[in-house]
Amino acid sequence: MTMTDIALCATNVSMLYETQRGRQVTALETVSLEVRRGEFVSLIGPSGCGKSTLLYILGGLRGQTSGEVALLGQRMTGPVPTKVGFVFQDYTLFPWRTILANIEVGLEFRGVGKRERRERAEANLDLVGLSAFAQAYPGELSGGMQQRVAIARALAMDPEILLMDEPFGALDEQTRTVLGEELARILEQAGKTIVFVTHSLTEAVFLSDRVVVMSGRPGRIKEILTVDEPRPRKPGFAMSAEFTDTRNRLFDLLHDEMRAATLAELGAGRQNGGRRGEA
Amino acid sequence: MARRERLRVAAIQLGLAAVVLVVWVYQTRTGRVSPILLPQPEKVLAEFPDMLRDSTFWAGLRVTAVELGGAFVLATASGLLVGVLVGRWAAAARITSPLLVWAQTVPIILFYPICILLFGIGPMSKVAFGGFYGFFPVAANTVLALSTVPARYLTAAAALGADRRQIVTRVLIPAARPLVLSGVRLGAALCLIGVIAGELLGSTEGLGYNIASSAGGFRTAELYAYITVALILVAIFNFAITRAEDRDASG
Ligand SMILES: Nc1ncnc2c1ncn2[C@@H]1O[C@H](COP(=O)(O)OP(=O)(O)O)[C@@H](O)[C@H]1O
Ligand SMILES: [Mg+2]
């Protein structure tokens with residue numbers, strides 16, 4: 001395998017945060033991960049285990065404390081919007097711009113001419129099925145629709161790699177399932193390399209080539225599961241033995257992690273309580 | 001709001017104005033109110049042709065308009081400048097924001113005599129006082145607007161390749177604009193109050209001076225005519241600022 005078969009490569013990445021009270025939090029500890037071109041990788045783990053942090057570091061939006069990140073064989077020094085697109089967990093469409101203008105904004109930053117900008121924005125809005133809302137404002141759309149627009153905004157830049165942070169995390173289960181299937185269709189069509197943070201086991205197994213299971217405090221990679229079924233997958237895959245087996249293994253791995261994370265949190269709470277008591 | 005609803009609201013507002021006018025006419029006709037306190041409406045109306053031909057009226061209006069313009073420019077420019085400097089610096093914003101909000105509850109009129117001492121009885125003291133009065137809401141809202149632009153917009157812009165200049169022009173400014181504009185609008189209203197109050201309290205020209213001298217000479221009809229002009233001026237001024245704000249709200 002040559003260097004350029006690797007879209008993203010993290011080597012021994014660690015991240016320390018300083019909290020406002022001056023305490024240090026190890027969000028990631030020596031995380032190493034390779035994402036091949038065209039691969040769909042999911043990150044899953046208890047909340048606070050550093051999934052978002054890892055994604056931000058992979059995208060060059062945040063600098064790691066130590067370790068190396070390479071994008072297509074080149075050392076990462078900051079965001080590269082032509083190569084890496086982002087879909088954030090919270091709603092980040094600009095409320096003062098129309099939907100179409102929101103999708104255009106990255107091309108505008110890049111200095112793409114008005115005609116081409118408009119055409120590419122319209123094409124991508126069409127791809128996520130929201131052409132009717134071109135002139136609407138984000139506030140007029142539901143959360144799920146806004147996230148679809150955010151996907152269109154990222155795709156309009158035509159990046160090779162798409163990093164997605166629980167794009168449907170705030171939505172209800174049913175909306176999520178529908179959007180997940182739709183997402184799979186859209187992404188398959190676009191042929192991107194994807195790193196996808198999720199807390200839905202089903203979503204992770206159904207969409208991914210590999211599922212990275214993380215453990216919390218400090219955030220580490222616990223295990224990586226491979227899903228062999230070729231993509232795109234038919235809805236029937238969700239009924240197959242392979243799907244169920246992988247999902248169950250994932251559940252076991254996560255269950256242990258969740259338990260540990262919750263117990264750690266309770267322990268920390270007790271300690272804090274004690275300290276407050278002394279003061 | 002639906003069109004019908006809006007029409008109904010307008011009709012009720014007109015009705016209220018009509019009631020005031022009827023009470024005014026009735027009370028002055030029956031002579032229950034001294035014409036020195038409240039002249040008959042038609043007497044006030046009759047003042048206008050004279051007033052509009054009077055060169056002191058036009059001179060006064062011009063002086064007030066110029067003072068108001070000066071005060072507004074001063075308040076907006078200094079408010080925005082201070083607001084931007086402070087608002088982009090988180091620590092300064094935390095310290096200054098409550099002070100600026102508190103300053104708005106202080107009766108700034110207390111400082112008017114100092115303005116007169118500093119700038120004399122002429123228009124400069126009105127510009128300075130009106131500008132000082134209008135400065136606080138502009139600065140306070142600008143600090144608040146800039147220091148509360150959600151970080152996620154900045155992150156998203158960075159991910160989409162915005163450079164520093166683009167972050168300012170395409171994210172910070174549009175995100176802060178509605179709140180800044182409402183500060184400017186409030187500031188404009190305070191500038192007007194400051195200028196007129198300044199003229200009333202001590203001046204040699206301007207609408208406020210004319211109002212004070214009509215009152216001093218018991219020329220009540222003229223006084224009311226001047227007050228009407230001042231109210232029309234306020235309405236025009238507010239309308240202009242609100243229009244700017246509406247244009248912004250609709251994108
Ligand atoms: N900007 C920050 N400053 C301080 N601590 C942070 C910051 N961002 C995240 N953290 C901490 O780092 C850990 C990992 O956070 P995050 O990457 O958001 O986890 P996840 O996305 O898996 O929920 C958490 O303990 C969180 O509190
Ligand atoms: Mg997260």
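Just so we're on the same page: letters track the sequence lines, and every chain starts at 1.
- Closest of all the heavy-atom pairs between B:Gln166 and A:Glu108 is NE2-O, 4.1 Å.
- No donor-acceptor distance shorter than 3.5 angstrom exists from the side chain of B:Arg152 to the backbone of A:Asp90, with no hydrogens or angles considered.
- Nearest heavy-atom pair across A:Tyr56 and B:Thr155 is CE2-CG2, 3.8 Å.
- Using a 4.5 Å cut-off between heavy atoms, A:Leu163 makes no contact with chain B at all.
- Going from atom CG of B:Leu160 over to atom OG1 of A:Thr92 covers 8.0 Å, rounded to the nearest 0.5 Å.
- The part of A:Arg97 that comes within reach of chain B is its side chain, from C-beta onward, which places non-hydrogen atoms under 4.5 angstrom from that chain.
- Going from atom CZ of A:Phe109 over to atom CG of B:Asp163 covers 8.5 Å, rounded to the nearest 0.5 Å.
- Residues that satisfy the side-chain hydrogen bond (donor to acceptor under 3.5 Å, both in side chains) test with A:Asp126, not counting sequence neighbours, are A:Ser131.
- Nearest approach of A:Pro81 to B:Gly161, heavy atoms of both residues: CG-CA, 3.3 Å.
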Quick one: do B:Ile173 and A:Trp96 satisfy side chain to side chain contact (heavy atoms under 4.5 Å, CB included)? Show the steps, please.
CA-CA 11 Å; B:Ile173 291 177; A:Trp96 56 87; over 6 Å; no
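- Between atom CZ of residue A:Phe88 and atom OH of residue B:Tyr153 there is a gap of 12.5 Å, rounded to the nearest 0.5 Å.
- For A:Lys83, the NZ atom sits in a loose shell: 12 or fewer heavy atoms of surrounding residues, nucleotides or ligands are nearer than 6.0 Å.
- For B:Thr76, the side-chain hydrogen bond (donor to acceptor under 3.5 Å, both in side chains) criterion is met by no residue, not counting sequence neighbours.
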